[in-house]
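So that the names make sense, note that chain A is the first sequence line, chain B the second, and so on, each numbered from 1.
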Amino acid sequence: MAASIAQFCVKFLPKRLQLMHQQTSCVCAFFSSSSSLNQPKQLKHVINYQRTRAEVARALRKKQNFLHHEMVDKHRASPLQSGTEQVSEEKGEGAPREYRYVMPEFLPNPDFQYRDKVLEKMERRDMLRRRAVIDIPEFYVGSIMAVTVSDPYSSGKTNRFVGICIDRGGRGLKAYFVLRNVVDGLGVEVMYEMYNPTVHSIQVLRLEKRLDDQLYYLRNAPLEHSTFSFDMQPVTLPRDVPVPVNTTKVKLNPKPWEYRWERFNLKGIEPLPLTPKMEKGIKEHAKPWEDYDLMLKYRQTVNEDEERSIMAEVYQENTRIDAGRKSSRAVLRRKK
Amino acid sequence: MASKSVMTLGVRPLSHSFIGSTPSAIYLGTNSVCVQQVRHRRFPKFVVRPTARRPWHVRKWTEKRDETLDASNEQFVKEVIIDKYANTASSPLKDGPWERHSYLRETRRSGVLALKLGTLLHWKKDGTPFTVTVLQVLDNHVINYVPPEVYATYPSHNPHQGLRFGLQVVGSLSCDPRQFSKPYNNLFLKAGVPPKRWLTRFLVTPDAAIQPGTALDVNHFKVGDYVDTQGRTRDYGFQGVIKRWGMKGMPKSHGTTKSERKMGATGGGGDKDGIWKGKHMPGMMGNYLRTMYGLKICRINTRYNLLYLAGVGVPGLPHTFIRVSDTVLPRKQRTEEQMSQVSMPTSFPEDLVEPLPEEIFTDDVFQFTEPSLQLEAEDS
């Protein structure tokens with residue numbers, strides 16, 4: 001019965017996803033197939049049809065004052081138009097598939113309302129110009145980094161901070177990362193904008209990944225996990241080695257915590273002692289359907305072709321910059 | 001009791017009509033509107049939504065298509081259209097170029113129709129970040145100029161302005177003429193340009209009149225100028241009173257019965273039997289004309305015709321069309337030196353002695369090709 005309902009649901013997916021469904025031939029697990037005799041009472045998720053209908057109505061309502069981005073691109077490419085040059089697409093050697101994880105800030109906004117080819121091209125140009133001036137290395141959440149910024153009030157006019165990267169985000173020129181360290185027994189976190197001109201250098205001392213995307217739970221972990229010496233020497237990795245994954249499991253302090261870490265499905269912490277209330281809260285706030293929500297993933301990612309051409313352009317430009325830049329880098333990494 | 005008309009409430013400096021597709025909020029003439037008496041509020045957010053089409057608008061779109069065309073004929077027709085508009089400047093039958101005057105303090109130049117692309121982050125040379133809004137001036141041409149004596153006979157003319165201003169019609173985004181109606185296509189005969197998707201008007205002084213058919217691009221402005229941007233705000237649709245007017249609503253618990261997001265009291269009291277006109281209530285939010293005044297042009301890209309304006313608040317979502325014109329703010333007017341540099345009435349290709357660089361910045365904006373900034377301590 002679940003299978004037939006799932007087949008019925010597939011009809012309402014957009015065409016591209018329908019074809020994808022046929023190819024994979026999996027049964028969409030929107031409905032649980034277990035019997036209700038032995039399981040506890042299932043928590044119902046009621047789909048908010050009202051909001052979806054309103055969104056559809058808004059999308060269909062006649063627009064007076066703006067154009068769809070495809071129409072804008074058509075006008076830019078039109079033979080009747082002269083005086084404005086067209087943004088050229090890069091057609092050359094493509095980037096390796098993992099490049100979008102090396103430089104995630106180059107990926108554009110997945111929301112189609114905010115997409116514009118010319119704006120993205122200009123922003124990428126400015127970002128690559130900045131990258132030609134200072135070296136912004138490859139790093140991941142969990143890498144230990146040292147950042148030097150301009151500080152007019154310190155002797156030597158610069159300020160150097162070393163820490164573990166606990167978060168990385170932002171898009172385009174607003175890209176940021178957060179470093180955490182313990183100074184004089186006090187945890188300190190600093191957010192740095194990657195393309196800020198007052199940042200003089202970004203150096204990766206130890207390149208590694210962790211099991212989670214964000215490490216904010218270090219705030220509720222013993223301070224030894226966040227302590228890194230300011231005199232730490234850079235660690236060089238051998239060539240063509242995949243980025244090492246640090247699988248340490250951090251044991252969190254006893255409660256109180258800053259967030260309800262038991263609900264975050266964290267992999268980098270030791271199993272937490274759960275009370276019945278915590279377990280109930282986990283079940284209530286869990287969203288297991290998000291693993292199967294194709295539309296959510298579709299809306300959160302950029303079209304693969306566009307992503308490929310953007311990354312190809314970035315990759316070419318970066319290899320050109322790297323070739324021109326002198327050696328003596330802390331971490332030597334070359335990707336084929 | 002005292003009552004004021006809509007006319008005095010709706011005053012905006014140089015607020016002109018949009019010749020758009022459907023109802024737009026315009027500066028109404030005395031003989032084409034019903035004057036509504038409203039009470040002044042502390043926050044005059046009175047939203048005017050006229051519903052009647054302007055009487056001088058021509059029908060724009062047409063549904064008729066030529067079904068008899070096959071693929072090769074279709075291709076031929078497209079080539080004919082492109083050829084027709086390719087060589088517009090070199091006809092000997094056209095009248096010669098108009099006289100050019102110099103820029104005075106009383107001069108009002110034409111503006112430009114731009115496309116809002118989005119926002120970016122930039123930094124100044126002292127390290128402070130600021131947001132820039134990027135606009136693209138795409139495919140603009142001047143369509144028509146109406147001298148002040150003729151404009152004074154138009155129903156949209158405001159008698160308060162007298163014979164100071166002429167009307168400059170500017171259009172943007174060339175299109176295939178087959179999708180438009182005949183009267184709409186005839187608007188573009190004088191200019192000899194392809195019919196445009198968007199049209200707008202600017203009030204200009206006669207010394208800044210531009211000949212129909214002239215192309216406008218980003219060099220109409222210079223880096224360091226201040227401009228006003230006018231456009232339609234984002235459309236939120238029918239919204240409740242909390243989002244639309246910022247009311248507080250009521251607590252979500254502690255016994256509130258079905259009234260968490262309601263308006264509550266409707267006011268009036270002893271003064272009025274009922275509700276005052278203009279009471280803030282749920283309704284259509286957004287999609288009206290708004291102007292952002294005095295934004296500085298901090299950067300220009302001549303290759304892609306981009307304007308980088310320092311600031312946010314340019315109305316609308318990305319790909320909204322925006323009217324950009326010289327600012328009316330008194331403290332942001334040009335200095336004597338800047339007045340001699342102004343392209344009057346606009347910038348022509350023959351004016352440029354040497355080709356302009358692709359990117360032009362103001363002095364205080366950090367260029368990403370420069371080395372990293374070293375901040376200096378402020379002297380106390």
Undergrad: Answer yes or no: does atom OH of Tyr259(A) have more than 12 heavy-atom neighbours from other residues, nucleotides or ligands under 6.0 Å?
TA: no
Undergrad: Just wondering, more than 12 heavy atoms not from Arg171(A) lying within 6.0 Å of its CZ?
TA: yes
Undergrad: Of all heavy-atom pairs between Ser372(B) and Val133(A), which one has the smallest distance, and what is that distance?
TA: N-CG1, 4.3 Å
Undergrad: For chain B, find which of Pro152(A), Pro197(A), Ser82(A) contributes the most heavy-atom pairs closer than 4.5 angstrom.
TA: Pro197(A)
Undergrad: Run the salt bridge (Lys or Arg N to Asp or Glu O under 4.0 Å) test on Glu370(B) and Arg129(A) for me, step by step, so that the C-alpha distance in whole Å, both residues' side-chain angles and the decisive distance to 0.1 Å come before the verdict.
TA: CA-CA 9 Å; Glu370(B) 292 169 6; Arg129(A) 277 172 187 165; over 6 Å; no
Undergrad: Below 4.0 angstrom, N of the basic side chain to O of the carboxylate: do Arg125(A) and Glu358(B) qualify?
TA: yes
Undergrad: Under 4.5 Å, counting heavy-atom pairs only, tell me which of Thr302(B), Leu317(B), Ile81(B), Asp217(B) racks up the most with chain A.
TA: Leu317(B)
Undergrad: Is there side-chain contact between Val118(A) and Leu306(B), with heavy atoms separated by less than 4.5 Å?
TA: yes
Undergrad: With chain A, which of Gly316(B), Gly127(B), Gly118(B), Ala377(B) has the greatest number of heavy-atom pairs at distances under 4.5 Å?
TA: Ala377(B)
Undergrad: Is it true that Asp126(A) and Arg299(B) have a side-chain N and a carboxylate O under 4.0 angstrom from each other?
TA: yes
Undergrad: May I ask you to check whether over 12 heavy atoms, not counting those of Phe348(B), lie within 6.0 Å of atom CZ?
TA: yes
Undergrad: Pair Val87(A), Tyr304(B) - check side-chain contact (heavy atoms from CB on, under 4.5 Å), show working.
TA: CA-CA 8 Å; Val87(A) 160; Tyr304(B) 300 107; 3.8 Å; yes
Undergrad: Measure from the side-chain N and O atoms of Ser150(A) to the backbone N and O of Leu375(B), and report whether any donor-acceptor pair falls under 3.5 Å.
TA: yes
Undergrad: If you compare all heavy atoms of Trp123(B) against all heavy atoms of Tyr195(A), which two are closest, and at what distance to 0.1 Å?
TA: CZ3-O, 3.5 Å
Undergrad: Heavy-atom cut-off 4.5 Å, strictly under: side chain, backbone, both or neither for His141(B) against chain A?
TA: neither
Undergrad: Determine the option with the most heavy-atom pairs under 4.5 angstrom with chain B, choosing from His200(A), Met71(A), Arg115(A).
TA: His200(A)
Undergrad: Against chain A, label Glu359(B) side chain, backbone, both or neither, depending on which of its atoms sit under 4.5 Å from a heavy atom there.
TA: side chain
Undergrad: Which bit of Thr233(B) comes within less than 4.5 Å of chain A, counting heavy atoms only: side chain, backbone, both or neither?
TA: backbone
Undergrad: Measuring heavy-atom distances to chain B, does Tyr153(A) have an atom under 4.5 Å in its side chain, in its backbone, in both, or in neither?
TA: side chain
Undergrad: Measure from the side-chain N and O atoms of His75(A) to the backbone N and O of Cys175(B), and report whether any donor-acceptor pair falls under 3.5 Å.
TA: no
Undergrad: Can you tell me which portion of Phe366(B) sits under 4.5 Å from chain A's heavy atoms? Options are side chain, backbone, both or neither.
TA: side chain
Undergrad: Measure distances from Asn140(B) to the heavy atoms of chain A and classify the residue's part below 4.5 Å as side chain, backbone, both or neither.
TA: neither
Undergrad: Look at the side chain of Gln81(A) and the backbone N and O of Leu138(B), then say whether any donor-acceptor pair between them is shorter than 3.5 Å.
TA: no
Undergrad: Dump the intermediate steps for side-chain contact (heavy atoms from CB on, under 4.5 Å) on Asn305(B) and Glu85(A), then the final yes or no.
TA: CA-CA 8 Å; Asn305(B) 273 333; Glu85(A) 258 192 57; over 6 Å; no
Undergrad: Carefully, step by step, assess Leu67(A) and Trp198(B) under the rule side-chain contact (heavy atoms from CB on, under 4.5 Å).
TA: CA-CA 11 Å; Leu67(A) 282 185; Trp198(B) 290 328; 3.6 Å; yes
Undergrad: How about Asp363(B): does its CG atom have over 12 heavy atoms from other parts shown lying under 6.0 Å from it?
TA: no
Undergrad: Which region of Gln86(A), side chain (C-beta onward) or backbone (N, CA, C, O), has a non-hydrogen atom less than 4.5 Å from a non-hydrogen atom of chain B, or is it both or neither?
TA: backbone
Undergrad: Looking only at heavy atoms, what is the nearest atom pair of Leu121(B) and Leu173(A), with distance?
TA: O-CD1, 3.2 Å
Undergrad: Would you indicate whether Tyr101(A), at its atom OH, is surrounded by more than 12 heavy atoms from other residues, nucleotides or ligands within a distance under 6.0 Å?
TA: no
Undergrad: Hey, could you give me the OH/OG1 distance between Tyr114(A) and Thr119(B), rounded to the nearest 0.5 Å?
TA: 9.0 Å
Undergrad: How close do Ile82(B) and Leu80(A) get, heavy atom to heavy atom, and via which atoms?
TA: CA-CD2, 4.2 Å
Undergrad: Would Lys157(A) and Gln374(B) count as a side-chain contact (heavy atoms from CB on, under 4.5 Å) if you check the C-alpha gap in whole Å, the side-chain angles of each, and the deciding distance to 0.1 Å?
TA: CA-CA 8 Å; Lys157(A) 299 289 178 192; Gln374(B) 180 63 53; 3.1 Å; yes
Undergrad: At a heavy-atom distance under 4.5 Å, which candidate from Lys174(A), Lys121(A), Met122(A), Arg131(A) has the highest pair count against chain B?
TA: Met122(A)
Undergrad: Surrounding CZ of Arg260(A) (heavy atoms of other residues, nucleotides or ligands, distance under 6.0 Å), is the total greater than 12?
TA: no
Undergrad: Is there a donor-acceptor contact under 3.5 Å linking the side chains of Arg76(A) and Gln136(B)?
TA: yes
Undergrad: I need the Gln113(A) CD to Arg234(B) CZ distance, nearest 0.5 Å.
TA: 6.5 Å
Undergrad: Identify which of Val218(B), Thr369(B), Leu173(B) forms the greatest number of heavy-atom pairs closer than 4.5 Å to chain A.
TA: Leu173(B)
Undergrad: Can you tell me how far the CG atom of Leu117(B) sits from the CG atom of Asp116(A), to the nearest 0.5 Å?
TA: 4.5 Å
